[in-house]
Structures are given as C-alpha cells and as structure tokens.
Amino acid sequence: MMLSNVGPDPSLAYRPNLEGNESKQKDYRNFENGSLIDRVFNTYKLMHTNQTLDFVKQKHSKWTSFNHAQMGMMETVMSLDQLVDESDPDVDFPNSFHAFQTAEGIRKEHPDKDWFHVVGLIHDVGKIMALWDEPQWAVVGDTFPVGCKFQNSIVFRDSTFGENPDEHNPNYNTEYGIYKPNCGLNNVLMSWGHDEYLYRVLKYNNCSIPEEGLFMIRFHSFYPWHSGGDYMHLCNDKDLHMMPWVNEFNKFDLYTKSTDMPDVEKLKPYYQSLIDKYCPGILKW
C-alpha cells in the first residue's frame, strides 16, 4: 500500500477543546500509520472508488423506503455491539460503547441540554445498515458531496479517487458541478452513509430532536467541511449558523474515545428516558 502522497490529516486543523495541545490531537484521526491503517485505507479506497452521484441516488431509493426493520432506538444502539467501524483509525471496539462514551461526555459538559445527550447516544446508529448487508464503505467514514469536485481535504484524496468515474466527468468535476453557489447543504447530495440514513429515519418517524441536533447527526462525518474548511461555496447562512454546533458535537465524538468502558447497564435507564422523550416507540428503519 502506498501512502507517500498522504499528508497530515487536515481535519486536525480545528479541534475546539484541544487548542494548544498538539500531542493529544495527533492521537486521533491518524490516517498515516498505526495498527489499523491498512484496514482503514482499504475501506476509504472502496468508498472513494464507488461513491458516485448515481450510486448515492440508488442508495436513497433503497434506504428511504423504511421497510427494512421496525425497532426501538435503544435496541438499535445495542445492536451496534456487533459492529466494529472499519474506517476508524482510533479504536477497535464495538460502537455501542462509543455511543455511551460520547453521550456521557456531552452530559458532563452540557447538563442542561438533554436533547444533546441523546444525540450523542444515537449519532452512529445509522451504521445498522452494515448489519443489513450494506458494505462498510457505504456506511462508515468521512462524508463528502458528490456531483461536484472532490476537494483536497478529503482523507486520502490524492490516492483513492482515480477509479471513480465522476472524477473524470466534466459535468461533476468542477468546483460547483451540478450545484448553484450557496445552494445550502440541504440541497447537496452527500456520499451515502450512516449520517444521512439516521437523519432520514428520524425525520420519517417524526422524532422531536431540535434542528441543531438533527444537523449534528446529518453532518458530523463531513470533516472536509467542518474541519477542513472546504465546500464553503455551497453553504448558505443556515449552514454557517449550524457549523459551531457540529464542531461542538465533534469534540465529544472524537475525544471521548477510550478503552475505559462505560457501565452501560447503569446508564441505560437515563438514556431510555431521553429516547422515550425524543424518539419514542418502535421506529421504521
């Protein structure tokens, strides 16, 4: 595997809770070396080869029919015990633990925002698609717009897009591609993954999470934007207003990762009460 063209991860340029602590920043989102790097690179190579505009449209058609399962939210969170994210260079343990770690980190710093706590808990449950036979490269990892130029801050940008047909399509490989200036991220098709799927599930099931929380869920993996500084030419005023919320969320998503496992059974009653408040009952997936 050749990684010589991959420079330092641009997403480390902004980490709100780690300013001035470069050594800790380098512990996370390390896409250059480490015990998991081959697995991570291969996942991104498949993603960046196959995530085209046509592919994303097909996935919207398949997954937004919401006919795959009927499950409560806590059941879905716990089902992530079966999943280890193949795009994550930081950890190699099941996602349900990360869900509670993230939620507890948010709860400690934002005790008055219970909707934020539940967002921390559920933000990755769209990864359930991987347990329903969707390949991980279409479920996990950083997201990016399709239908326009793939920007430089996308991880492994220089070494993984060569076989993506949209890279060579003059209708899609310009700065704006199929989009208009400042059209708003709501009008942009993102690479298909767990962010968009969970957002769609929550909207379809009329869950009452505030708009800020829904935006965090939908765009928390869009590192080329919220941390790389790219794609600003597609953003409208709402996107720029929401960006600080996404960055506030992401410091917990990243920096609560630890091999110290939370006491899930002790925490479950509190988080079930939040689920009952914001995403109650049996949901269609």
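Checking side-chain atoms of D124 against main-chain N and O of A99 turns up no donor-acceptor pair under 3.5 Å. With hydrogens and angles ignored, the 3.5 Å screen pairs no side-chain donor or acceptor of D230 with any backbone N or O of Q151. In this structure a side-chain-to-backbone donor-acceptor pair under 3.5 Å is present from N205 to V201. Of the possible donor and acceptor atoms, one in the side chain of H168 sits under 3.5 Å from a partner among the backbone N and O of G162. Remark: side-chain polar atoms of D239 are paired, donor with acceptor, to backbone N or O of N236 under 3.5 angstrom. Put simply, the side chain of T102 never gets that close to the backbone of G120: no donor and acceptor are under 3.5 Å apart. With D166 contributing its side chain and L53 its backbone, the two residues share a donor-acceptor pair below 3.5 Å. No donor-acceptor pair closer than 3.5 Å links the side chain of S96 to the backbone N or O of M78. Here the side chain of W192 pairs no donor or acceptor atom with the backbone of F55 at under 3.5 angstrom.
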Going through the checks in order, is the side chain to side chain donor-acceptor pair (under 3.5 Å) test met by D195 and H123? CA-CA 7 Å; D195 297 34; H123 72 280; over 6 Å; no
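Aromatic ring centres of Y176 and H233: separated by under 6.0 Å. Not less than 6.0 angstrom separates the ring centroid of Y179 from the ring centroid of Y231.
Among pairs with a residue in residues 201-225, those fulfilling salt bridge (Lys or Arg N to Asp or Glu O under 4.0 Å) read E196-R218, E211-K238, at least two apart in sequence or across chains. The side chain to side chain donor-acceptor pair (under 3.5 Å) contacts involving residues 261-271 comprise E104-Y271, H117-Y270, E265-K268, where partners must be two or more places apart or lie in separate chains. A side chain to side chain donor-acceptor pair (under 3.5 Å) check over residues 46-56, counting only residues at least two apart or in different chains, returns the pairs H48-T160.
Geometric assessment of R157 against the ring of F161 yields a positive cation-pi assignment under the 6.0 Å and 45° thresholds.
Between I154 and D142, the closest side-chain pair of non-hydrogen atoms is not below 4.5 Å. At least one side-chain heavy atom of E109 sits under 4.5 Å from a side-chain heavy atom of E248. No side-chain heavy atom of K127 sits less than 4.5 Å from a side-chain heavy atom of L198.
Using a 30° and 60° split on the angle between ring planes, F66 and Y197 fall in the parallel class, below 30°.
For the pairing with W63, the side-chain hydrogen bond (donor to acceptor under 3.5 Å, both in side chains) check across E134, H68, Q58 returns one residue only, E134.
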